[in-house]
Protein chains: 2
Amino acid sequence: MRNMNSTDTSSRGEQTRHALIDAALKVFGQAGFDAASTRSISKAANVNQALIGYHFGGKRGLYLAVFGHILSQITEHMAPVIVTVSDRVEGFSEDVEMRRQEALEVLIVAFNGLIEMFGRADSAAWVRLIVREQQDPTDAFEILYEGMMGRMMNMMTMLVSLASDLPEDSEACRVRTHMLVGQVLLFHIARGTTSRHLSWSGLSPDNINTLKEQFRLSVEAQFAPGAAFQ
Amino acid sequence: MRNMNSTDTSSRGEQTRHALIDAALKVFGQAGFDAASTRSISKAANVNQALIGYHFGGKRGLYLAVFGHILSQITEHMAPVIVTVSDRVEGFSEDVEMRRQEALEVLIVAFNGLIEMFGRADSAAWVRLIVREQQDPTDAFEILYEGMMGRMMNMMTMLVSLASDLPEDSEACRVRTHMLVGQVLLFHIARGTTSRHLSWSGLSPDNINTLKEQFRLSVEAQFAPGAAFQ
DNA sequence: GTCTATAGTCGGATAGAC
DNA sequence: GTCTATCCGACTATAGAC
């Protein structure tokens, strides 16, 4: 029954690694790096505490491995969105007004991808970890930013530029892109205020749809041909 | 030289309390509740470690006292804004279109107050603490929400309602208000991404002005009479 | 109200048997 | 690769002198 092939991803060691990363994601997300103890993580993973040292070199190594895992999950989810965007950008019209309209549509598609990703049930733990890292970024944040987030921000900036009159490399364009991201992400970041002000507990599929709908309305107004989007 | 009056706010004990709260604000903000040690706080405050127990009952008590301090600072800063808003709302025109325009102006004033408050140099430490509490709120967050943030969110919601066709108690109105807050706050919350994507280190007065300017443009577009703000 | 000293706890790491 | 046992440092809280 046991598979001796060392490349088998279900070998005993691999199972242990997976169990630890999975448990660490939850425990680190819940408690933060310092408050999370290796004892509680190993207990949640049903694995011996000493194995954290063996497999990851220590608590910090496990933490970084968790971010590697988050990166692969985000990449997996956003890859199709990025492909769609790339494809459609290539086919954009030569006509300025038409291109703006096309870019706006693609922009909404891209942000919907973002909203859906963070609407996934298992993303709540990621968000906590990412938000904590944002406060003062360490190597763990580098993994995410270099691996995916930077690319995504640049893609969004390009779409904002194409959907407006702002040059892609202008500060205004980047600021406005950041603001759009803020419109979406605050619901995930500021759980405390969200749940009280909106009486939303967590983010149900209904809540996600409301978010997408209201975001679309907001963006369409901001990028309307007549809008003072200079 | 020494003042024996027990109501004197500069008595030795008061000085100690202040020094501890001040140091705790910085250290808790930097490291988070668990990673911050009472030793490092008392050292930063130039005060004996045992005095945390004496004055605040323990580490947790000091943490709550810090939030009380943040609340008083926020209240102090936002009080004049709230007064201005209240005054101007009372004088709003009967005419629907005019009132929308007036409400939009006041809305921008209110948000500028928010932007300025979080632009203050000393607010960086608050933001860290507030963001951490948002993840899973405790008594400390209650202090802020009950004391100020809930009131502010309701005020913003009222202004959004008056500046649009959305009923004040509708979900859409609250969601859109939340999105506006997100547009502003992400710059403070997501330092890691902000600094990389915008090449902003911290938030200089120039950055704050850019923020206010771009926010105004965004809001004017969203609330333009022709906009699909249903 | 302040200080020193310490009790009591817990956490991360690791040696060494299997 | 896994497990037990343990070391050792760091932490909070507090007793008790001043």
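Please read these numbers as outputs of a predicted model, since none were measured by experiment. A note on names: the letters A, B, ... follow the listed sequences, proteins ahead of strands, and every chain is numbered from 1.
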Using the test salt bridge (Lys or Arg N to Asp or Glu O under 4.0 Å), find all partners of B/Arg132 that sit at least two apart in sequence or belong to another chain. none

Would you name the heavy atoms of A/Gln183 and A/Ser218 that are closest together and state the gap between them? NE2-OG, 2.9 Å

For B/Thr16 and B/Arg39, take the nucleotide of DNA chain C holding the closest heavy atom to each; which residue's nucleotide lies nearer the 5' end? B/Thr16

Here the residues of residues 54-70 of chain B within 4.0 Å heavy-atom distance, strictly under, of DNA chain D are B/Gly58, B/Lys59

Do any pairs count as a side chain to side chain donor-acceptor pair (under 3.5 Å) and have a residue in residues 51-72 of chain A, sequence neighbours left out, and if so which ones? A/Arg60-A/Thr138, A/Tyr63-A/Glu133

For DNA chain D, find the residues of residues 28-38 of chain B with a heavy-atom distance under 4.0 Å and give them by number; none if there aren't any. B/Ala36, B/Ser37, B/Thr38

Interatomic distance where CD1 belongs to A/Ile41 and C1' belongs to C/dA13 [whole Å]: 14 Å

Applying side-chain contact (heavy atoms from CB on, under 4.5 Å), name anything that partners A/Val181, two or more places apart in sequence or on another chain. A/Phe111, A/Met153, A/Leu185, B/Leu186

Could you list the protein-to-nucleotides 3-5 of chain C atom pairs, N/O on both sides, closer than 3.5 Å?
from	atom 1	to	atom 2	distance (Å)
C/dC3	OP2	B/Asn48	N	3.4
C/dT4	OP2	B/Asn48	ND2	3.1

To check you understand the geometry: which heavy-atom pair defines the closest contact between A/Pro137 and B/Gly192, and what is its length? CG-CA, 3.5 Å

Does the distance from a Lys or Arg side-chain N to an Asp or Glu carboxylate O, for B/Arg174 and B/Asp169, drop under 4.0 Å? no

Hey, is B/Lys212 close enough to B/Glu116 for a salt bridge, meaning N to O under 4.0 Å? yes

Can you tell me if A/Thr193 and B/Gln134 form a side-chain donor-acceptor pair at under 3.5 Å? yes

For B/Ile21, which of B/Ile41, B/Thr16, B/Leu62, B/Ile70 qualifies under side-chain contact (heavy atoms from CB on, under 4.5 Å)? B/Leu62

